[in-house]
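Accompanying notes for the structure given below.
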2 protein chains.
Amino acid sequence: MPDYPKPLSKLIAELSRLPGIGGKTAQRLAFHIISMNDDDAFSMADAIKAAKTELSYCTVCGNLTDRDPCAICSDPSRDRTVVCVVETPRDVAAIERMKEYKGLYHVLHGAISPMDGIGPDDINLRSLIVRLQGENEVVEIIVATNPNIEGEATAMYAANLIRPSGIKVSRIAHGVPVGGDLDYTDDETLSRAMTGRRDL
Amino acid sequence: MPDYPKPLSKLIAELSRLPGIGGKTAQRLAFHIISMNDDDAFSMADAIKAAKTELSYCTVCGNLTDRDPCAICSDPSRDRTVVCVVETPRDVAAIERMKEYKGLYHVLHGAISPMDGIGPDDINLRSLIVRLQGENEVVEIIVATNPNIEGEATAMYAANLIRPSGIKVSRIAHGVPVGGDLDYTDDETLSRAMTGRRDL
């Protein structure tokens with residue numbers, strides 16, 4: 001790092017701690033922030049502080065929220081008989097973007113991954129069981145964890161935990177992505193697409 | 001943008017105003033900031049504010065500084081007979097990184113570009129002339145504007161302005177970059193490298 005004035009080198013150091021932002025990019029961003037007008041720069045700084053102070057996790061579903069229970073949990077128009085289990089608040093956002101699912105969510109904040117030392121008690125899974133004991137309306141749990149080894153392991157584990165209560169447990173479908181190309185689809189996905197075929 | 005809680009969507013909107021940061025990257029950064037501990041996030045926000053409030057431009061050379069005159073202008077060990085003219089404070093940093101140049105600087109904050117409506121009076125050029133009239137020690141001006149059309153035009157214009165005062169005006173050399181490959185060098189650069197050849 002060259003001899004920048006201290007406030008500048010401090011800003012560059014802070015920005016380069018962000019994921020995917022290296023030293024060069026941090027410099028470019030820092031110079032841009034300095035060239036912004038005061039209001040815009042202060043508004044960005046305040047947005048960072050506000051996001052940290054005003055956001056928390058919903059005590060019911062674990063989703064990121066600015067009130068408790070979150071907007072989805074407290075929305076009377078949502079279908080309370082279905083709960084979709086996802087790994088992160090970003091997955092909730094992805095499913096909400098689709099604008100088709102009207103049920104509730106449960107955010108695990110991770111997936112079981114013995115390789116990384118993350119067991120069933122390190123994710124938000126027990127609270128789902130407790131929640132299901134309290135809410136008698138739930139008839140189906142849709143497990144929408146990621147389609148990778150950790151996500152599959154978590155789905156299996158969750159299903160085994162929930163099944164004794166008699167609630168139906170389903171898993172989102174794996175198959176060829178819409179708009180994809182069979183020729184470029186990996187064997188495992190193609191195999192799942194064949195196994196999961198439906199009558200036309 | 002999906003229905004994120006307001007403080008989160010506000011942070012994403014602020015971050016996506018940065019250059020090279022699109023919507024998806026801004027989301028990733030925002031979620032990272034939320035997952036940071038409070039101290040780190042507040043420290044980043046404060047660094048943005050500090051950079052905006054504590055940094056200004058040196059009234060002598062126009063470089064970015066946290067005091068006036070800047071560290072370079074007020075350093076008695078610098079050679080006051082040479083002034084290097086550059087386009088931006090980042091160029092100053094690049095030349096300082098080399099640790100060979102010991103003279104002063106003059107930052108233009110841009111280059112003449114009629115296409116973008118930027119004329120000689122829109123950059124920090126007149127102040128260089130005023131400065132040269134005040135400082136009798138200067139014997140050489142090294143014009144280190146960028147090697148593109150705007151930078152060349154600015155160099156020519158500056159040279160014509162300064163020459164009447166009898167001060168020597170030089171331009172940094174254009175040629176094949178060290179470690180480069182002749183085969184991949186563009187014609188214009190190669191032509192400049194031939195014209196600017198030196199005796200061995």
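Below, read A as the first sequence line, B as the second, and so on, with proteins coming before strands; counting in each chain starts at 1. Quantities reported herein were computed from a predicted structural model and do not represent experimental measurements.
Cluster membership for B:Val60 and B:Ile123, using ILVMFWY side-chain heavy atoms within less than 4.5 angstrom, is not shared.
The choice from A:Ala30, A:Ala71, A:Ala47, A:Cys70 that makes the most heavy-atom pairs within less than 4.5 Å of chain B is A:Ala47. Options A:Glu14, A:Glu54, A:Lys10, A:Met36 differ in how many heavy-atom pairs under 4.5 Å they form with chain B, and the most are formed by A:Glu14.
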Walk me through it: do A:Leu11 and B:Met44 pass the test side-chain contact (heavy atoms from CB on, under 4.5 Å)?
CA-CA 7 Å; A:Leu11 178 59; B:Met44 182 178 297; 5.9 Å; no
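Remark: B:Asp66 does not engage A:Lys6 in a salt bridge, criterion side-chain N to carboxylate O under 4.0 Å.
Of the atoms belonging to B:Arg67, not a single heavy atom falls under 4.5 Å from chain A. With a 4.5 Å cut-off on non-hydrogen atoms, A:Leu55 touches chain B through its side chain but not through its backbone. Residue A:Asp40 touches chain B through both its backbone and its side chain, counting heavy-atom pairs closer than 4.5 Å. Using a 4.5 Å cut-off between heavy atoms, A:Phe31 contacts chain B through its side chain alone, with no backbone atom that close. Only the side chain of A:Thr53 comes within contact range of chain B, with heavy atoms under 4.5 Å apart.
Side-chain N or O atoms of B:Lys52 include one that pairs as donor or acceptor with a backbone N or O of A:Ile34 at under 3.5 Å.
A heavy-atom distance below 4.5 Å is found between the side chains of B:Ile21 and A:Leu29.
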